[in-house]
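To keep things clear, I will list the structure first and then write my remarks on it.
In what follows, every heavy atom counts, from backbone to side chain, and hydrogens, waters and symmetry copies are set aside. Residue numbers start from 1 in every chain, and the chains themselves are labelled A, B, ... in the order their sequence lines are given, proteins ahead of strands.
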Protein chains: 2
Amino acid sequence: MARTQGSHSDITGPKVRDAALRLFARHGYAAVSMRQIAKEVGVQAGALYNYTPDKQSLLFSLLKGHMDDLLAAWEAEPKAGDALARLEQFTRFHIRSTVKTPEAIFISYMELRNLEPENFAVIEDLRGAYEDQLEQILRSGAETGAFDVPDPKIATMAVIAMLTGVNTWYRHEGRLSLSEVEGIYWDMVRKSVGG
Amino acid sequence: MARTQGSHSDITGPKVRDAALRLFARHGYAAVSMRQIAKEVGVQAGALYNYTPDKQSLLFSLLKGHMDDLLAAWEAEPKAGDALARLEQFTRFHIRSTVKTPEAIFISYMELRNLEPENFAVIEDLRGAYEDQLEQILRSGAETGAFDVPDPKIATMAVIAMLTGVNTWYRHEGRLSLSEVEGIYWDMVRKSVGG
DNA sequence: GTCTATATGGTGATAGAC
DNA sequence: GTCTATCACCATATAGAC
């Protein structure tokens, strides 16, 4: 039986999140008003509050959703292979993630300071869990002698920063294909840890 | 002869810039009000306009000043040595700069999107000039066979991102000394380019 | 050079009609 | 679920007294 009371909530909700993600990534959370988001969605500002209790919750929800998706996608990857194979897997996974959802990756490290303390703590935990995945790979490879990594913690930060940097310049229409980019970065990552 | 009309401009001016730099770095340009800056300086908001025509000019001036300082400091470095020595020099220089002026480095890549178009173009040019310094080093090393770098442009972005990442975690009171950090990163950078 | 006071407009969020 | 209208507040920037 068809709904008699018309509702767009099942489509407007995602549109609100999409618009917020895009605008936050482009202009920054603090610089974007609820009226701008509403205009992008095609509703009045008041209608947004059917989908989020406030602006801060909207930001948090986007970041939390992204981190959950990222961790779930990594968990879903096959976990076979030695440390070198796992490092290649992580490298390619992180670059593909960066390229697939650039706005989400971007706001996830640009808008942390605009989270209220409790929200910040949640996202920082998830980020830490993600970085731990790489750190464990480097640590296990260092123990078996597969890698030459004197300080796995620092090496983790260095590799993550290098890979996330793809975000700042990669364009789909660019000179290099995604697999070429992956190959170049994997070559550098592998060599940087003496693998 | 002493000034009869009291003036604090020679001290208030720098204090305005210092406060703005610190607050922009911590909370972001869009999230910081002129009233907050004034409060930090210890004057009323109106007084700030003796030192900047508007908020945007204040941001631009901070970014421009930082990039000019950075380029001038690099120019002032001795330019002897082969590509490998020059790469080590750049690596250590960039890390030291990142650690010495963390707020300026931070806003220089976080607040670009808050610059108006003409201001953005100026800063982007200066950033490009800085990145070119590294790219030329990698390119010359690749030509002589000192480095194994198939794509100097990408390698430049990768190395810069890795080094700038120090900004996100380094603390003066931390576990590692600056020269230890430099050493670890230089080891990774050298290996990553096959040097 | 700094102050107080103010012009002008945008902000997040809510109330109540439909 | 969306609209219009509105509240209370904060924003940047300026004017004019001292």
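- Considering only heavy atoms from C-beta on, B:Leu176 comes within 4.5 Å of B:Ile184 through its side chain.
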*For A:Phe93 and A:Trp74, run ring-ring contact (aromatic ring centres under 6.0 Å, His included): C-alpha distance rounded to whole Å, both residues' side-chain angles, the deciding distance at 0.1 Å, then the answer.*
CA-CA 8 Å; A:Phe93 173 83; A:Trp74 174 247; 5.2 Å; yes
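- When rounded to the nearest whole Å, the span between CD of A:Gln56 and C1' of C:dT11 equals 16 Å.
- The separation between A:Met34 atom CE and D:dT2 atom C1' is 15 Å, rounded to whole Å.
- For A:Phe60 and A:Tyr29, the ring centers sit 6.0 Å or farther from each other.
- Look at NZ on B:Lys55: it is 15 Å from P on D:dT14, rounded to the nearest Å.
- Comparing A:Gly46 and B:Ala45 along DNA chain D, the residue whose closest nucleotide (by nearest heavy atom) sits nearer the 5' end is A:Gly46.
- The distance from atom NZ of A:Lys39 to atom C1' of C:dT11 is 16 Å, rounded to the nearest whole Å.
- Across C:dT14, D:dT6, C:dT2, the shortest atom-to-atom separation from the side chain of A:Arg35 is found for D:dT6.
- The shortest distance between the side-chain N/O atoms of A:Ser33 and the OP1/OP2 oxygens of C:dG10 is not below 4.0 Å.
- Closest heavy-atom contact between B:Thr101 and B:His66: OG1-CE1, 3.9 Å.
- Distances shorter than 4.0 Å separate none of the side-chain N or O atoms of A:Thr12 from OP1 or OP2 on D:dG1.
- If you measure from atom CG of A:Asn50 to atom C1' of C:dT14, you get 12 Å, rounded to the nearest angstrom.
- Considering only heavy atoms from C-beta on, B:Ile95 comes within 4.5 Å of B:Leu178 through its side chain.
- To the nearest angstrom, P of D:dT6 lies 15 Å from CD of A:Gln44.
- Within the 4.0 angstrom heavy-atom criterion, only backbone atoms of the sugar-phosphate kind lie near B:Val32; the bases stay farther away.
- Whole-Å rounding puts the A:Tyr49 OH to C:dA13 P distance at 4 Å.
- For the pair B:Leu48 CG and D:dA13 P, the computed distance is 11 Å after rounding to whole Å.
- Each of D:dG1, C:dA13, D:dA13 was ranked by its minimum atom distance to the side chain of A:Tyr51; first place goes to D:dG1.
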